[in-house]
Participant: 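So that we are looking at the same thing, I have put the structure below in structure tokens.
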Amino acid sequence: MQFVAHPDDDLFFMNPDTADTLSSGVPVTTVYLTDGGSFGVNAVPGRPKPRPDVPAYVSARQQGLRQAYAQMLGAPLFSTWERTTLRLPGGREVELDRLEYQGRSAELIFLNLRMHARNDGRPVNMAHLWATPDVSLPARPAPGSPVGAPFSYRRADLIDALVSLLRRYRPTLIRTLDPDPDSQVHDRLHPRASDQPGYSDHPDHTAAALFTWAALARWAGHSTRIPLFQTETYRGYYNERWPKNLPPETVALKTWHLNAYGGDASWECGNPSGCGDYSIGGDRVLTSKRGWVRSTHRRYPTAGPKAVTGADGRTVVYGVLGTRLARWTATTTGGLGAPEDLGGGPLAPAIAVATAPDGSRLIFALRFSGLAGSVSGNTREIVMLRQRTPGGDFDTGWHSLGSPETEPRRSRLTGPPAAVTGPDGRVHVFVRNGRKGVSTRVLDGDGNWSGWRRLPGGHIQEGLTATVDGDGLIHLFASSSGWVEHWAQRKPSAGLRKGSRRFVAQPGDVPDAVTASDGSVLVGYRQAAGDRVMVERLGSGKAGRWATVTAVPVPGYGRVGLVGGRDARAEELLMAVRAGTGAAQVYDGRGGRVVMTGAPSVMVGTAGTPGGPGSGPAAVVTLGLGGVPVVTQLRSEPESA
């Protein structure tokens, strides 16, 4: 189930994932909160602008969506959809469009909240609706809609409506836009355009995401058992500021579906108001300076399950399920037991696992500590859950580590944590801060935490990754807009300093790092605008130098996980990805050959890394739509994987 602000948000910012999900036979329901009416001008490039007509423009965009989703289902472009209504709390109605084709199905739900309206003489939009409880926003059905009357929504009404949809559909995968977008500089090259003050994204995108996360928190919070859903969150307009991460064939696929949505004024689609958003079709997105079609960036790129080896040798998996922390433990028969609810929610889907000197686990997460409309009530914090004894129970409560950003508004710019334990037993936690640098806190051997401290330099995305080399030195990596950033200790127990390495290629996505069995550090990342994965190696010892190990094609996009563990050798590198089909795949790092294909999954993670080299056997862990992890052990030789 996908929740977006405008028609085309899913096609620009969530695709190719939406198309891949539909092609795999999984039903998709997309909820559009606003009508997308803007100022009502459906301009045809090269022709005089027509007079504004908001209702007609809304209808044309919704017809464009039906065209795009029919195409993604493999159905004829102008297929006939079943158009009905759904009843929501308060007697409100929304339009539900459904199309089933050859066993695949899609549903589109239109709430039709106005993008621009007035309330008591004041201009009102989605951002005002989120921030102000007494503001109302009208919802007007499009021409030809089965919804018979207009309605209005206040903040509480919209959250109630979204919760009711979640309860009705009970989705196991929920996609949203970014509730906490970047804070970017606006200048001549990057004008503010539709950005909101303080955050580089359309205010409707952010408000729609916040409403959805507030609904998720309420839905999950009222459940006595851990809800079996996962979340994926996508960056919006400001993906133009980061590298273009999609290979040409994926850009072509996104463009094809956007062309179906954009339509053409000459088409005979059967909708009197129009056949799409005419400014989009005809490959025009390829020449846009904004470049949105060339990128799809996940807000939490390190999301996914984490598998570790327990004190008794059994596999334990940690992950976020229903916005809460779940733990699965291997049974005596070799499978994984039911998820244990460790609470902590609402959590972002990316967690970090570290190992204390006594072998107990520390789990770190980013929590939505406040989801109120006010600035002071809309906050984020880093939290920790501590295991009392190795393999045993956890503390009854989560411990807050706060945020490096003390101002409530800026706490939303805090990223999810990465964590690593040094050979001296100190646990280091790293997060992206509001300036897009890195901040860290350190837990010493006596159980005392340092304050937040900024590392020098950096201008990074999300997706921090850390490892400990064979000499006991901690290394931290992250991608900037043009290169991979590197911080490292010069000696054990020292602070991290900025590295000087500029890697071979511009990264398209965030890196991953592991330590090989010889003590060297391996860093892998996708090259921008392509499907080639670069892997570079820092040799062990003071005389260690950087060298490129491999550059192999790995189809798809997104983070590549390097498979670590005690069998990790630079010469026998394995790389885990989530393929476009949704299947987990493992590639041979030397020749780019597929050595394992697993079941369809939402998240793909790797195992054996929390303790560094020798911490456990190399493995890949996947978490599918059913919320059940699958762990596949990998041997050191790719041929026998």
Participant: Give a yes or no on whether the backbone of S480 and the side-chain of E485 come within a donor-acceptor separation of less than 3.5 Å.
Facilitator: no

Participant: Taking the basic N atoms (NZ, or NE/NH1/NH2) and the acidic carboxylate oxygens, is any pair closer than 4.0 Å for D178 and R299?
Facilitator: yes

Participant: Are the side chain of S360 and the backbone of A356 linked by a donor-acceptor contact shorter than 3.5 Å?
Facilitator: no

Participant: Examine distances only and state if a side-chain atom of D509 and a backbone atom of G558 form a donor-acceptor pair shorter than 3.5 Å.
Facilitator: yes

Participant: Just how far is it from atom NE2 of H399 to atom CE of M384, taken to the nearest 0.5 Å?
Facilitator: 5.5 Å

Participant: Answer yes if the side chains of R298 and Y557 hold a donor-acceptor pair under 3.5 Å, and no otherwise.
Facilitator: yes

Participant: For H428, give me all partners under ring pair (Phe, Tyr, Trp, His ring centres under 6.0 Å), at least two apart in sequence or on another chain.
Facilitator: none

Participant: How far apart are the closest heavy atoms of P417 and A352, and which atoms are they?
Facilitator: O-CB, 3.5 Å

Participant: Counting N and O atoms only, with roles assigned by atom type, does the side chain of R314 sit under 3.5 Å from a partner on the main chain of A330, one being a donor and the other an acceptor?
Facilitator: yes

Participant: Do N239 and S295 have side-chain N/O donor and acceptor atoms under 3.5 Å apart?
Facilitator: no

Participant: Can you check whether T302 reaches R559 side chain to side chain, under 4.5 Å on heavy atoms?
Facilitator: yes

Participant: Tell me whether W398 contacts the main-chain N or O of R386 through its side chain, where contact means a donor paired with an acceptor under 3.5 Å.
Facilitator: no

Participant: Looking only at atom types and distance, does a side-chain atom of R526 sit under 3.5 Å from a main-chain N or O of V554, one as donor and one as acceptor?
Facilitator: yes

Participant: Would you say the side chain of P179 lies within less than 4.5 Å of the side chain of T233, judging by non-hydrogen atoms?
Facilitator: yes

Participant: Under a 4.0 Å threshold between the charged nitrogen and the carboxylate oxygen, would R388 count as salt-bridged to D395?
Facilitator: yes

Participant: Within a reach of under 6.0 Å around CZ of R170, are more than 12 heavy atoms found that belong to other residues, nucleotides or ligands?
Facilitator: no

Participant: Among T29, D17, T18, whose side-chain hydrogen bond (donor to acceptor under 3.5 Å, both in side chains) with Q2 holds?
Facilitator: T18

Participant: Are Q230 and T172 packed together at the side-chain level, in the sense that at least one heavy-atom pair is separated by less than 4.5 angstrom?
Facilitator: no

Participant: Indicate yes or no: does D341 engage R327 in a salt bridge with an N to O separation below 4.0 Å.
Facilitator: no

Participant: In terms of heavy-atom contacts, does CZ of R225 have more than 12 from other residues, nucleotides or ligands at under 6.0 Å?
Facilitator: no

Participant: Does the plane of the ring in F477 sit parallel, tilted or perpendicular to the ring in H486? Use 30° and 60° as the thresholds.
Facilitator: parallel

Participant: Quick one, T379 with S369, criterion side-chain hydrogen bond (donor to acceptor under 3.5 Å, both in side chains). Give me CA distance, side-chain angles, the key distance, then yes/no.
Facilitator: CA-CA 6 Å; T379 58; S369 49; 2.8 Å; yes

Participant: Does a donor on one side chain sit under 3.5 Å from an acceptor on the other, for T176 and T212?
Facilitator: no

Participant: Stepwise, does the side-chain contact (heavy atoms from CB on, under 4.5 Å) test hold for W328 with V628?
Facilitator: CA-CA 9 Å; W328 297 263; V628 179; 5.8 Å; no

Participant: Checking R537 side chain against L522 main chain: does a donor-acceptor pair fall under 3.5 Å?
Facilitator: no

Participant: Side chain of T331, backbone of G337: donor and acceptor closer than 3.5 Å?
Facilitator: no

Participant: side-chain hydrogen bond (donor to acceptor under 3.5 Å, both in side chains) for T21 and R104? Distances and angles first, verdict last.
Facilitator: CA-CA 10 Å; T21 302; R104 302 173 181 175; over 6 Å; no

Participant: Any chance you could measure R361, atom CZ, to T389, atom OG1, to the nearest 0.5 Å?
Facilitator: 12.0 Å

Participant: Is there side-chain contact between V631 and T622, with heavy atoms separated by less than 4.5 Å?
Facilitator: no

Participant: Taking the side chain as everything from C-beta on, heavy atoms only, tell me whether T421 gets closer than 4.5 Å to R426.
Facilitator: no

Participant: For W452 and T440, does a side-chain donor sit closer than 3.5 Å to a side-chain acceptor?
Facilitator: no

Participant: Under 3.5 Å, is there a donor-acceptor pair linking the side chains of T414 and S403?
Facilitator: yes

Participant: Under a 3.5 Å threshold, yes or no: a donor from one side chain and an acceptor from the other, between D469 and T515?
Facilitator: no

Participant: Verify the ring-centre separation between W219 and F229: is it less than 6.0 angstrom?
Facilitator: yes

Participant: Between E232 and Y300, is any pair of side-chain heavy atoms under 4.5 Å apart?
Facilitator: no

Participant: Does a side-chain heavy-atom distance below 4.5 Å link Y587 with V577?
Facilitator: yes

Participant: Could you tell me whether the side chain of V31 reaches within less than 4.5 Å of the side chain of M1, counting heavy atoms only?
Facilitator: yes

Participant: Closer than 3.5 angstrom, by distance alone: can the side chain of D444 be matched with the main-chain N or O of N448 as a donor-acceptor pair?
Facilitator: yes

